[in-house]
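One structure below.
Letters A, B, ... are given to chains in the order of the sequence lines, protein chains preceding strands, and every chain is numbered from 1. Quick caveat: nothing in here was measured; it's all calculated off a predicted structure. Worth knowing before you read on, the calculation uses all heavy atoms, side chains too, and leaves out hydrogens, waters and symmetry mates.
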Amino acid sequence: MGFGKGCHLHLIDGSAFIFRAYHALPPLTRKSDGLPIGAVAGFCNMLFKYVEGWNGNDAPTHAAVIFDYSSKTFRNEIYPEYKANRPELPEDLRPQFPLTREATRAFNIACIEREDYEADDIIATLAREAREAGGRVTIISSDKDLMQLVGNGVEMLDAMKNRRIGVDEVVEKFGVKPDKVVDVQALAGDSVDNIPGAPGIGVKTAALLIQEYGDVENLLAHAEEIKQPKRRQTLIDKAEQIRISRKLVELDAHTPMDEKLDDLEVQDPKPEELLTFLAQMEFRTLSKRVAEKLGAEPPVIPEPSAAAPAADAAPLPEQAPIDPEKYERVGDAEALNRWVEVIRERGCVAVDTETTSLDEMVAELVGISLCVEPGQACYIPVGHRAVGGEAADDLFGSDELAEGQMALEEALAILKPVLEDDAILKIGQNMKYDAKIFARHDVAVAPIDDTMLLSYALNAGKHGHGMDVLSERYLDHKPIPIKSLLGSGKAAITFDRVAIGDAVKYAAEDADITLRLWQLFKPQLHRARVTTVYETLERPLVPVLAEMEMNGVLVDRDTLSRMSNAFAQKMAGLEAEIHELAGENFNVGSPKQLGEILFDKMGLEGGKKGKTGAYATGADVLEDLAAEGHALPARVLDWRQLSKLKSTYTDALQEHINPETGRVHTSYVQTGANTGRLASTDPNLQNIPVRTEEGRRIREAFVAPEGKVMLSLDYSQIELRILAHVAGLAEMKQAFRDGLDIHAMTASEMFNVPIEGMDPMVRRQAKAINFGVIYGISGFGLARNLRIPRSEAQGFIDRYFERFPGIKAYMDDTTAFAKEHGYVQTLFGRKIHTPEINSKGPTAGFARRAAINAPIQGAAADVIRRAMIRMPAAIDGLPAKMLLQVHDELLFEVDADAVDPVIARVKEVMEGAAEPAVKLDVPLTVDAGQGANWAEAH
DNA sequence: GACATCACG
DNA sequence: GACGTACGTGATGTCC
């Protein structure tokens, strides 16, 4: 088909794909020979995903991937410094370039590059030709240098964000229409491409100038008229430099080309060619996916021999590929005993349980899988339901147990001695879950190792630690998705309804993967110097958390229910009032509708739209409006507070009361936060309200049973104390030793005012600064928090750094350490990786502040973990149970007559938790509270 | 499922 | 020189 009217040309910016792929993936190498192929892998994945997305009206009729031929182009003739500040290509990326061309051809997409020209010039040329032929063009790229081409049927598409870039988006970015973009770029310059532009003029200013004068030439001709003296002089002095800049940024839409549009017609990939290429690259997962899509046989990719281990991985014994067809179904005692024999020989086994629920407190055990060496795994079904006969037309199966299973009691009787044997290591992925299931059947699993925690100790900050992620990343294998067995949404079934044959494959595979991950990770602990972290902060915490979760906390349903009703009444009143004030009915819970009412209909000032184009209606915005005397936003704030309390707390918590225990059992995620903090889910009991009076009353529903007392002990200012220690802040350390009010002391140092009779406002500001430091302070952030001008906030910070010079040094040292090593460390050796610390743009700011915060937040998290791990032994024999952890607080339930000894014991453990590993220069102090409920105890 | 909002330390 | 910024979480409701 010739290219013409009705045709749609896709032009893909190949270099952008390559760099994105390179930076998004770890340095993968081809298993058989160590060839770097990370970027190629990412490139192929992106290309495949992109081609898969072709459908409907927007599918291209023609397409091509455009590459840069080399880094030298005609622009270097004009200006030798062009792109001269680009960092050297990474060593392992260069050899991958030719492979990306091959990959493109393998996908049967045209592949274009031209000596002396940039990919952008070729794109400009093809776009022009396509437009002139009457067709449409989509450029797959987010490069701002291509934005000058937008308009007249040419659009860009940011494939990663799936965001279309049309004329409006270009105007948003450059302040001018696409045809004036080069003029703005010529003035603003570009540090990335080393385009000089006009010094002192950025995009904003450039857009204003071009809006007024039309283009660069006219502006330069009228430079004398510019009012601002500095700007005028720049335009006069740098006229030639600006003209050159314009030449550099303007794309050449008349690049000489051999390729014709007609040659670029979209064609289906040839399965054989594509799969052959993917097999050569040894992309196992992608090959399978592509083969499936094309309806072809996946290629056989031989596993490499142990003689040629991948460069970055530990040498592993030769391994059988993961093959779910080879797992054994264990149906009787004889078979199970054979497995037990092997386990006893080996001394370790990977274990996984299948159940009917993610909530361990209600889940029923359905089956157990075991793996003794890679590829050798089995599944012991014990609770699968019989599937109804087809003739019975029974969609739900029956309640009868399926045939050919061992009785649960029989299986457990055989396994219990193994699971409890000190000499046999039980390996699991998220073992806390399985241990709790077994605990409900009176089996105390120990000792254990946990691949999720191994990954967390080794790789916190790099990626998640779920099995799917780990398997794909480290074993290059995509596990059978649970959804393929259970379905999803409303139609989802529970695992006991899964056919046993399918369950064997899925469950045994999980155990197989777990064992392989363990073999990979365990030896790495030592090399990465995190053995101590794993052995003292991760592994021993598992049984402690399991016990706390099983304890649960008593929650009084009636209290919650009464509060829900009261909230509902108040909300109804507020809602009526709000509708009255608005003059119409609308959904108060919809920020979108609220924004339109406030800023469009009522015309209030201060409406700011976020990136999605909706008005911001956050609490800060509404508070400002309320302060100006507007009634509606004030009512909405009240309504929102009640709505939050009702839906998230008083309503939802009732749902979480376990019918058997009458208590609420949260789950702690040990690997949830990169810093070492725990996360609490289902429900989250770490964010129960406390800051407002109305919210705090929800804590009255967390009660101690008859004859017992709630006890709350929390560290005082633990993060600031750790900061004082690690940053060596002499004054602050002394203040803590003297037991002073630390925020008042800070204020006194900074503003030279006495602590006695201090203005509370001054203390509040000092407090905000103290917190700000922990968060990686910025003038902007502090200004917003204190609602003061930015310059004033910056002044505070400067003064603070002057008074406490250790702070600045700590921040700089920590940033430098992160940049050099790619991680930061807590006092206790926990490593938190900071993969984005060396990136460009706003991301770097985030990464830097996170890097500054992590050692402080992380060390505090380590301290309370150490306390928790020692707690069971410390309160052994006392009538006390540890129930909850809220980052710096521990909550206990204690017999009323034993409160004092428990407080004494717990306090001692918490205050001494850093030792003996670390001797802090400041004391850790703990405050205790007690009462009939959490509100009183806190 | 993304986004906005808001609860906690 | 401009840009966008406090750190770490989880749950809920709206909207597409």
Whether each nucleotide of nucleotides 1-6 of chain B has a protein heavy atom under 4.0 Å at its base (B), only at its sugar-phosphate (S) or at neither (-) is summarised, 5' to 3', as --SSSB
| message | As an exercise, state the distance from OG1 of A:T843 to CD1 of A:I837, rounded to the nearest 0.5 Å. | response |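 So the OG1 of A:T843 and the CD1 of A:I837 are separated by 11.0 Å.
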With a non-hydrogen cut-off below 4.0 angstrom, is [X] in contact with a base, only sugar-phosphate, or nothing?
X: A:S680; value: sugar-phosphate
X: A:I774; value: nothing
X: A:A198; value: nothing
X: A:F846; value: sugar-phosphate
X: A:P842; value: nothing
X: A:E719; value: nothing

From the options [options], select the nucleotide whose nearest atom is closest to the side chain of [X].
X: A:N785; options: C:dG4, C:dT14, C:dA6; result: C:dA6
X: A:H887; options: B:dA7, C:dG10, B:dG9; result: B:dG9
X: A:S590; options: C:dA6, C:dT14, C:dG10; result: C:dT14
X: A:Y775; options: C:dA6, C:dC15, C:dA11; result: C:dA6
X: A:T648; options: C:dA11, C:dA6, C:dG8; result: C:dA11

Practice task
Would you please enumerate the stems DNA chain C participates in, each stem being three or more consecutive Watson-Crick or G-U wobble pairs with both distances under 3.5 Å?
Solution key: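 As far as DNA chain C goes, consecutive pairing (with distances under 3.5 Å) yields the stems B:1-9 with C:7-15.
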Aromatic plane relationship, A:F817 with A:Y823 - under 30° parallel, 30 to 60° tilted, over 60° perpendicular: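 Perpendicular.
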Side chains of [X] and [Y], donor plus acceptor under 3.5 Å:
X: A:E889; Y: A:S712; answer: yes
X: A:T666; Y: A:S680; answer: yes
X: A:N770; Y: A:Q717; answer: no
X: A:N674; Y: A:Y456; answer: no

* To do: Give a yes or no on whether a donor-acceptor pair under 3.5 Å exists between the nucleobase atoms of C:dT5, that is its base, and the side chain of A:R848.
  =>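 A donor-acceptor contact between them is absent.
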Considering only heavy atoms and no angle criterion, is a donor-acceptor pair shorter than 3.5 Å present between the side chain of A:R849 and the base of C:dG8?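 Answer is no: no donor-acceptor pair is held.
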